[in-house]
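Report on one structure; see the data block that follows.
Just so you know, ligand 1 is whichever comes first in the structure, and atom 1 is the first atom listed for that ligand. Along the sequence shown, residues are numbered consecutively beginning with 1.
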Amino acid sequence: MKIAFEERLEGAEGGAGDGPAYDPDATMKLDVPRVLGAAGPAGGPVLICIGGLHGNEPSGVLALQRLFHDLDEDSRGLCGRIIGLTGNRRALACGQRFVDIDLNRAWTYERIERVCEKREIVESEDKELRSLDKALHDAIHGSNQPFVFDLHSTSGDGPAFVTFDDTLRNRALAFEIPAPHVLGLEEELAGTLLGYLNTKGITAVGFESGQHQDPKSVDRALAAIWISMETAGVLEKGTRPEVARARAYLASESAGLPEVVEVRHREPVEEGDGFVMDPGYASFQPVAEGEHLARRGEEDVHADRSGLILMPLYQPQGEDGFFVIQPVRPFWLRLSAALRRVHIEKVVHWLPGVRRHPGKSGVFIVDRRRARWLAREVFHLLGFRKEGEDGEELIMAPRDITTESP
Ligand SMILES: [Zn+2]
């Protein structure tokens, strides 16, 4: 479905005078089916791209529409299957992040059981969850190499970046995209689709393509999809010039930005708490410790450390005010890959202050008072994420419950 945004986009690119004026603040409303398109042979690798899991983030949907239009005209090189799915259809039709609850916080086992198995529908997003879950099942069915690519955008300005749970499998897909890579975001957020898929052993990576209404957000999302098609084995290597162009485009867009960063702070927002971000912040903008960043009612909110700001909140809906991130040196990534390949996690409970979880296999309890130095960061290196916290104790679970191969 061709909609107003693309017309505005063309208008913007065409310069002043021709076409309707581009209005970056206009809310876009999209009426789109669950399956946006599918191409290529089944039975081998499959790449499933999801656009609009948040209803005010149209760029992924628009990028997929463009992709399937292009593939319709020219399907050269397709050797696996690419499928485009819509996230929150009803929220997209309203042009808002969600209707009742955030669909990207709804993927908990508890809700999935209630909605998909017991068929108890309470919120609007329960329906979306059930329908999208079924569409994902259908899309994955018959493939032993499923990849999921989840397309988002941000309310504030900023460059594109890749988000993923740090498993070796996800790294393989994520690091092919020349844009900053953000680690640790999934761990801060409960019930994300990516987190859910990762616990099922499916390679699943997220892409934030820039500001919601920025026409470039569509171009960046499309570029990331072309690259991922080749990485996932859906597109024969070297057959399409679009892939090389996409790499060059994203690399030029990301020039000067850090390659890998980790989330160090999340500023939570609760409904009605009066959180208002100071104006003018963009993702990856440096902030200094103590800098005034926002207000929460009468209270001032300052940066608790120096770093770069990520995803400052400039929309009414959302549970995250902003994040503070810091660069990770490549050395640590290489070290962690090496440690995971020799499965050093099998002996980690020999360390003081670390014990196995009595009820959950593969999960460890870390006493922060006794194992201060290896609390969270070292477990990150080994491929764990924080599953919970109990006073001084951290509960660390593997990011990917299936055994990883190098
Ligand atoms: Zn989003």
- Are the side chain of R295 and the backbone N or O of E298 linked by a donor-acceptor pair below 3.5 Å? yes
- Message: Within the supplied structure, the quantity of interest is the number of heavy atoms (other residues, nucleotides, ligands) at a distance under 6.0 Å from E389 CD; does it exceed 12?
- Response: yes
- So N198 and E186, side-chain hydrogen bond (donor to acceptor under 3.5 Å, both in side chains) or not? Walk me through it. CA-CA 10 Å; N198 284 148; E186 297 310 309; over 6 Å; no
- Aromatic ring centroids of F175 and H181 under 6.0 Å? yes
- Query: Are there more than 12 heavy atoms of other residues, nucleotides or ligands under 6.0 Å from atom CD of E271?
  - Reply: no
- Query: Protein N/O/S atoms under 2.8 Å of the Zn ion (ligand 1)?
  - Reply: H54 ND1, E57 OE1, E57 OE2, H152 ND1
- Message: Classify the ring geometry of F275 against F322: parallel below 30°, tilted from 30° to 60°, perpendicular beyond 60°.
- Response: tilted
